[in-house]
Enquirer: 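Have a look at this one before I ask anything.
Within every chain, numbering begins at 1; the chains are lettered A, B, ... in the order of the sequence lines, protein sequences first and strands thereafter.
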2 protein chains.
Amino acid sequence: MSTASNAVQAIVQRSPGADEFSRACVGFFSEAVQLFGLVPPSVGQIYGLLYASPEPLSFSDIFEQLDISKGSASQGLNLLRSVGAVYTVAPVDANGRREYFSPELSLRKLLRGVLDERVSPLAGKSAGRLAHLRELADGARGRERKFRLSRAQQLEIWRRRLKTVVPVLGTLLGSRA
Amino acid sequence: MSTASNAVQAIVQRSPGADEFSRACVGFFSEAVQLFGLVPPSVGQIYGLLYASPEPLSFSDIFEQLDISKGSASQGLNLLRSVGAVYTVAPVDANGRREYFSPELSLRKLLRGVLDERVSPLAGKSAGRLAHLRELADGARGRERKFRLSRAQQLEIWRRRLKTVVPVLGTLLGSRA
DNA sequence: TTTTATGTTCATTTGCTCTTGAACTTGTTG
DNA sequence: CAACAAGTTCAAGAGCAAATGAACATAAAA
């Protein structure tokens with residue numbers, strides 16, 4: 001069984017250094033995601049493995065080649081899918097109920113997914129906190145009140161600027177550059 | 001002793017809710033830095049406390065009011081200074097060798113500091129890794145070589161775009177917006 | 001110089017996130 | 001249907017970064 005796995009191993013065998021290349025990609029993306037800290041390293045590894053493969057890979061390809069647990073692979077793939085960083089090909093295969101996975105290659109889509117699913121929710125929360133801060137500031141009197149309101153207002157300005165910039169980012173990184 | 005501490009406590013006493021306001025700022029910045037994951041939460045707390053204070057605070061003000069260890073306070077302040085997020089006022093006071101700290105309020109400077117000190121170094125490292133990837137790609141032959149080179153090249157394009165965008169960020173978030 | 005106040009360093013501990021692995025669900029084959 | 005294969009869930013453990021605190025520096029006061 002395990003046709004996909006066999007197919008991949010065949011490729012690995014007929015193209016020398018394929019595993020080094022894969023390993024390099026896996027390491028690269030593993031570290032890359034760690035820098036941002038929004039997702040666990042194993043998620044980066046999975047994406048890296050898919051990125052290095054000319055063909056889509058199956059679930060078992062992934063956890064076998066990366067030597068991680070099925071649990072990690074499952075969770076990691078779900079996360080990647082939820083963010084649109086990975087899509088599935090051939091929903092159901094001839095044998096078993098296997099799906100095959102490919103990496104999203106559009107930087108714009110990758111960023112969009114991460115921003116929408118991970119960053120935006122937090123942005124909403126921060127809006128609430130800033131409102132609370134403003135209330136607290138408003139509770140004071142005199143010089144102190146003035147000072148606190150100015151600080152609270154500045155934070156809101158920062159937030160607005162960041163909010164404005166995020167969509168621009170998407171455009172800048174999109175296609176042309 | 002501890003004039004600064006007394007001064008601050010006096011302020012706290014004569015302006016009701018000052019500690020709530022401070023706590024809110026401390027919490028806000030603590031979480032904010034956690035989102036990016038580049039610096040420990042205690043660093044955010046310190047910045048938050050300074051941000052909430054109308055007057056500069058001393059070293060002992062900081063670790064006492066935040067109820068963190070001297071070690072954390074020392075390391076956190078050094079980090080903040082190295083990034084330009086905090087500056088010192090009145091290098092040496094009348095009593096002891098106390099320094100007082102104030103927060104940098106310019107968003108542009110804050111971002112510049114973090115980008116220069118924390119992000120740029122990593123960018124250099126990634127350039128090296130991508131070069132290595134390209135070599136590995138070059139080692140293959142035929143279709144496989146072509147595939148790998150295309151992937152390696154795309155990563156370099158991404159990197160270049162990101163590198164281009166970072167300075168733009170500084171401008172967009174700087175003063176006007 | 002001795003003592004006291006202020007700040008730093010770093011080995012240890014704490015706390016938290018990621019990973020694991022085994023039990024469970026769901027679907028497939030004989 | 002039974003037996004198996006594929007994938008998910010989640011409690012428990014491992015690994016790691018952050019915080020601690022005590023020993024160590026350094027400078028002012030006595």
Enquirer: Could you check if a side-chain atom of A:Tyr51 sits within less than 4.5 angstrom of a side-chain atom of B:Leu155, using non-hydrogen atoms only?
Expert: yes

Enquirer: I'd like a table of donor-acceptor pairs (distance under 3.5 Å, sequence neighbours excluded) in which one partner is a side-chain atom from residues 109-124 of chain A, with atom names and distances.
Expert:
| from | atom 1 | to | atom 2 | distance (Å) |
| --- | --- | --- | --- | --- |
| A:Ser120 | OG | A:Leu115 | O | 3.1 |

Enquirer: Between C:dG7 atom P and B:Leu57 atom CG, what is the distance in whole Å?
Expert: 12 Å

Enquirer: Ignoring hydrogens, what is the shortest heavy-atom contact between B:Ala73 and B:Phe63? Give both atom names and the distance.
Expert: CB-CB, 3.7 Å

Enquirer: Return all side-chain donor-acceptor pairs below 3.5 angstrom for residues 38-48 of chain B, not counting sequence neighbours, or 'none' if the list is empty.
Expert:
| from | atom 1 | to | atom 2 | distance (Å) |
| --- | --- | --- | --- | --- |
| B:Tyr47 | OH | B:Glu104 | O | 2.5 |

Enquirer: Do the side chain of A:Arg134 and the main chain of A:Ala152 share a donor and acceptor less than 3.5 angstrom apart?
Expert: no

Enquirer: May I ask you to decide if A:Gly71's main-chain N or O and A:Ser74's side chain share a donor-acceptor pair within less than 3.5 Å?
Expert: no

Enquirer: Rounded to the nearest Å, what distance is computed from the CD1 atom of residue B:Ile62 to the C1' atom of nucleotide C:dT6?
Expert: 13 Å

Enquirer: Using a strict heavy-atom distance below 4.0 Å, which residues from residues 30-43 of chain B are in contact with DNA chain C?
Expert: none

Enquirer: Answer yes if A:Leu162 and A:Val168 sit in the same cluster of Ile, Leu, Val, Met, Phe, Trp and Tyr residues linked by side chain heavy atoms under 4.5 Å apart, and no otherwise.
Expert: yes

Enquirer: So A:Phe29 and B:Trp158, would you call those rings parallel, tilted or perpendicular, with 30° and 60° as cut-offs?
Expert: perpendicular

Enquirer: Give me, pair by pair, the N or O atoms of the protein and of nucleotides 13-16 of chain C that are less than 3.5 Å apart, along with how far apart they are.
Expert:
none

Enquirer: Roughly, in whole Å, what's the span from CZ in A:Phe63 to C1' in C:dT20?
Expert: 13 Å

Enquirer: So, taking the atom named CD in A:Gln65 and the one named OG in A:Ser22, what distance separates them when rounded to the nearest 0.5 Å?
Expert: 6.5 Å

Enquirer: Determine whether B:Ser126 and A:Glu31 satisfy the following criterion, side-chain contact (heavy atoms from CB on, under 4.5 Å), listing intermediate values before the conclusion.
Expert: CA-CA 9 Å; B:Ser126 87; A:Glu31 288 189 20; over 6 Å; no

Enquirer: Could you give the CD-to-P distance, from B:Glu64 to C:dG7, as a whole number of Å?
Expert: 10 Å

Enquirer: Using a 4.0 Å cut-off on heavy atoms, which residues in residues 70-81 of chain B reach DNA chain D? List them by number, or say none.
Expert: B:Gly71, B:Ser72

Enquirer: Where the side chain of A:Arg98 is concerned, which of D:dT20, D:dA6, C:dG21 is the nearest nucleotide?
Expert: D:dA6

Enquirer: List the residues meeting salt bridge (Lys or Arg N to Asp or Glu O under 4.0 Å) with A:Arg145, not counting sequence neighbours, and say none if there are none.
Expert: A:Asp138

